[in-house]
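Following: one structure in structure tokens, then a few remarks.
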Amino acid sequence: MAVSARMDFKSRLRIWLPKLVLSPSLAMVLVFVYGFIAFSVYLSFTDSRLLPSYGWVGWENYSKLWRLSHWEISLANMGIFAALYIGSCTALGLGLAIFLDQKIRIEGVLRTIYLYPMALSFIVTGTAWKWFLDPGIGLENVMQTWGWETFGFDWIKNRNLAIYTVVLAAVWQTSGFVMAMFLAGLRGIDNEIIKAAQIDGASNWNLYRRIVIPQLRPAFLSAFVILGHLAIKTFDLVIALTGGGPGRATELPATFMYSYAFTRNQMGIGAASATIMLMTIAAIMIPYLYAELREKR
Amino acid sequence: MRALIYLVLTLCALFYMLPLYVMLVNSVKPLDEITGGGMMNLPQVFTLVPWARAWSSAQIGVEPTGLSPYFWNSIRMVVPAVAISTLLGALNGYVLTKWRFKYDTILFGLMLFACFIPFQVVLIPMARMLGLMGLAGTTRGLVLVHVVYGVGFTTLYFRNYYAFFPTELVRAAQIDGAGFFRIFWRILLPSSGPIAVVSIIWQFTNIWNDFLFGASFADANSQPMTVALNNLVQASHGVKEYNVHFAGAILAAMPTLLVYIVAGRYFVRGLMAGSVKG
């Protein structure tokens, strides 16, 4: 009797063991991700300021948020940044990938050079570009001492143009990665199709426009999803490069959220802005992940 | 035509090399050569003083400690976080491919989506939770945070890799009486080298380069390198020692850059897998 009960326990354990092994990770994700999201969303409906507080205020934080010019600036900057960042990375990445795919002799070296910025921290990238673009010591000063005395380049100090320096540094950091994605896509295209088109007399331009680029659709989709979610999460780069300034000229939703939740003691509004960021990313990621996971099985 | 392609590729290479060149040459010249308009020039006087200052005596916050204590903070954070998240990822990938059960794909989807959330949405509750657990401001707290938000990626890597591992081998071992852990240890793990490298490089790079969690949850004794570098560069008092900033930036970039140069091929493969392509 005792023996069979123990056997029973052992075989039951054997059935449950895989789930048991998975459960710590699953529990962590459920609590620290989904539980925390629920908590943050809840906070966005409360009167929390310096510390979480549980007085229900309905949509008040959201209506306050949308009346803040600071938030409006962050969103407008996000629009400029995301459009230019995604567009430039895709164009540069695709161009470099196509050029590199022309049996270039030093491809390995070039690929390494294009890709190394991806290994760096945004804080390092921000520091390097911050001083290079600084009119006092960087490019402007160098050009002037080289004799071009009317040369001016003060975008990083200019309220209207500073956001473009963030785009520049971000494109520098990630375009190599997009290049690698497109290069992998190009290498996956069947050579027979290309040869057939060449025999039919298609020009290089038409070959790429009509045949090769349409075949890169999955790479375009992945690049868009990854760049889109990176754009929304951009935080460190702004902190290191411009600190959100001059004034509020380079504030983005991520820096907005951080300052409202942690330095301005407006936790309710900070939580509301974080919720909006999450919803935006979810709208991009969930359909993509759904399609990816369904395809496979 | 080919000349044009080479020209464009070379110009782009110069663009990508530019910040690295600026950081390198300016980290080994005296300050007055930089402020005098010589940022693009090679150093006239070669000096390693900026490196020494960045490492051991520059003012970070209120202490003139240099970056070295923060470098070790980062190491103490990165090593356990990478090891734990990779091991968990391997076990999860094993379960999700070889011991499948109902709704496992949905659970995996939940874990995967967690990698992509804007971390702003968990900062406030996480700060409270670390406080409750007595881990606020500690390196152990940061390890926990990085394991939690990295395990989705490591699981993704191992799951995609183990999906191509012949399940018949696992079933045959089961018939021979091998248990769950024995099969993992003796059959899957020995062939997991390539994907373990990818997972380790990916996690190492991400965790070393993290700024948001370090800035939010660390105190002066546990701040990682990225936060310290930012404090060094943004300090508003005294003379701006650009050469020291550049040396510090290279010091902060060195570990991931070395990993990239030594194991770059795997790094690329890891990035590709990060795009959720198997």
Side-chain angles (χ1 to χ4, degrees), chain A residues 17-19 21-22 25-26 28-29 32-33 36-37 39-40 43 96 99 102 104 110 112-114 116-117 119-124 127-129 131-132 137-138 141-142 145 177 180-181 184 222 226 229 232-233 235-236 239-240 254 257 261 267 271 274-275 277-278 281 285 289 292-293 297, chain B residues 5 8-9 12-13 16-17 19 22-23 34-35 37 39-40 88 91-92 95 99 101 105 107 109-114 116-118 120-126 128 148 151 155 180 205 209 211-212 226 229-230 233-234 242 245 249 252-253 256-257 260 264 267-268 271-272 275-278:
Chain A
L17 195 55
K19 288 168 196 165
V21 166
L22 192 65
S25 305
L26 217 49
M28 274 191 323
V29 168
F32 288 89
V33 177
F36 282 8
I37 288 175
F39 187 73
S40 279
L43 281 184
L96 286 176
F99 277 11
Q102 309 300 317
I104 298 301
L110 288 172
T112 308
I113 292 174
Y114 297 157
Y116 87 90
L120 303 183
S121 140
F122 275 117
I123 302 294
V124 171
T127 303
W129 283 101
W131 295 143
F132 178 71
I137 58 159
N141 191 19
V142 167
T145 45
F177 166 53
M181 288 174 68
S222 303
I226 288 179
H229 111 276
I232 295 167
K233 285 163 81 167
F235 173 75
D236 336 9
I239 297 291
M257 184 277 164
M267 194 172 277
T275 304
M277 288 174 66
L278 175 74
I281 285 190
M285 290 309 302
L289 292 181
E292 283 284 331
L293 291 177
R297 305 282 156 196
Chain B
I5 290 177
V8 171
L9 288 174
C12 284
Y16 287 102
M17 289 305 287
V22 168
M23 286 196 283
I34 302 177
T35 49
M39 186 180 261
M40 298 304 290
L88 281 178
L91 283 168
N92 294 344
V95 171
W99 300 82
F101 53 90
T105 312
L107 293 179
L110 284 175
M111 293 178 76
L112 195 54
F113 178 66
F116 297 98
I117 60 167
Q120 272 75 13
V121 80
V122 296
L123 285 184
I124 299 167
M126 193 56 163
R128 300 270 299 171
V148 168
V151 78
T155 301
F180 176 86
T205 313
N209 288 340
F211 176 77
L212 182 63
T226 47
L229 173 66
N230 190 52
V233 176
Q234 307 291 346
Y242 303 108
H245 299 175
T256 48
L257 215 49
Y260 171 68
F267 189 76
V268 176
L271 289 174
M272 303 320 303
S275 64
V276 205
K277 302 240 95 58

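Source: prediction; values computed, not measured. In the text below, chain A, chain B and the rest are named by the order of the sequence lines, each starting its count at 1.
- Formation of a donor-acceptor pair under 3.5 Å by the B/T256 side chain with backbone atoms of A/A119 is found in this model.
- Counting only heavy atoms from C-beta outward, the side chains of A/L96 and B/L9 approach each other to under 4.5 Å.
- When heavy atoms are compared at a cutoff of 4.5 Å, B/V233 approaches chain A by way of both its backbone and its side chain.
- Both the backbone and the side chain of B/V121 come within contact range of chain A, each with at least one heavy atom under 4.5 Å from a heavy atom of that chain.
- B/L88 places a side-chain heavy atom less than 4.5 Å from the side chain of A/M28.
- Here the OG atom belonging to A/S25 is positioned 8.0 Å from the CG atom belonging to B/L91, to the nearest 0.5 angstrom.
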- Query: What's the verdict on side-chain contact (heavy atoms from CB on, under 4.5 Å) for A/I281 and B/I117, showing C-alpha distance, side-chain angles and the deciding distance?
  - Reply: CA-CA 7 Å; A/I281 285 190; B/I117 60 167; 5.9 Å; no
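- Using a 4.5 Å cut-off between heavy atoms, A/A254 touches chain B through backbone and side chain atoms alike.
- Annotation for B/Y16 and A/P117: closest pair CD2-CG, 4.0 Å, computed over non-hydrogen atoms.
- For the pair A/T112 and B/Y260, the minimum side-chain heavy-atom distance is below 4.5 Å.
- Nearest heavy-atom pair, B/Q120 versus A/M277, reported as atom, atom and distance to 0.1 Å: OE1-CE, 3.8 Å.
- Chain A forms the most heavy-atom pairs under 4.5 Å with one residue out of B/V148, B/L257, B/T155, and that residue is B/V148.
- Of the listed residues (A/I104, A/V29, A/T275), the greatest number of heavy-atom pairs within a distance under 4.5 Å of chain B belongs to A/I104.
- Rounding to the nearest 0.5 Å gives a distance of 7.0 Å between OG1 of B/T105 and CG of A/L293.
- In this structure the side chain of B/M39 never reaches within 4.5 angstrom of the side chain of A/N141, judged on heavy atoms.
- The part of A/L110 that comes within reach of chain B is its side chain, from C-beta onward, which places non-hydrogen atoms under 4.5 angstrom from that chain.
- Counting heavy atoms from C-beta outward, A/W129 and B/P19 have side chains that approach closer than 4.5 Å.
- Atom CH2 in B/W99 sits 11.5 Å away from atom NZ in A/K19 (nearest 0.5 Å).
- Both the backbone and the side chain of B/F113 come within less than 4.5 Å of a heavy atom in chain A.
- The choice from B/L229, B/L110, B/L107 that makes the most heavy-atom pairs within less than 4.5 Å of chain A is B/L110.
- Contacts between A/V33 and chain B at a heavy-atom distance below 4.5 Å involve backbone atoms as well as side-chain atoms.
- Note: A/K233 NZ to B/L212 CG = 9.5 Å, rounded to the nearest 0.5 Å.
- Interface remark: A/Y116 contributes backbone and side-chain atoms alike to the contact with chain B (heavy atom separation under 4.5 Å).
- Checked against side chain to side chain donor-acceptor pair (under 3.5 Å), B/N230 has the following partners two or more places apart in sequence or in another chain: B/Q234.
- Contact annotation: the side chain of A/L43 approaches that of B/I124 to within less than 4.5 Å [non-hydrogen atoms, C-beta and beyond].
- Put simply, of A/L120, A/T145, A/I137, the one with the most heavy-atom pairs under 4.5 Å next to chain B is A/I137.
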Margin query: Run the side-chain contact (heavy atoms from CB on, under 4.5 Å) test on B/T226 and A/D236 for me, step by step, so that the C-alpha distance in whole Å, both residues' side-chain angles and the decisive distance to 0.1 Å come before the verdict.
Written below: CA-CA 10 Å; B/T226 47; A/D236 336 9; over 6 Å; no
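- A heavy-atom distance below 4.5 Å is not found between the side chains of B/M17 and A/Y114.
- Distance check: A/F36 CZ to B/R128 CZ gives 11.0 Å after rounding to the nearest 0.5 Å.
- B/F116 CZ to A/L278 CG: the interatomic distance, rounded to the nearest 0.5 Å, is 13.5 Å.
- Comparing A/I123, A/I239, A/T127 by heavy-atom pairs within less than 4.5 Å of chain B, the highest count is held by A/I123.
- Counting heavy-atom pairs under 4.5 Å between each of B/A249, B/P118, B/A13, B/C12 and chain A puts B/P118 at the top.
- The aromatic rings of A/W131 and B/Y242 sit perpendicular to each other, their planes meeting at more than 60°, with 30° as the lower class boundary.
- Residues A/F122 and B/N209 fail the side-chain proximity criterion, which asks for heavy atoms closer than 4.5 Å.
- Chain B forms more heavy-atom pairs under 4.5 Å with one residue of A/V124, A/L26, A/L17 than with any other, namely A/V124.
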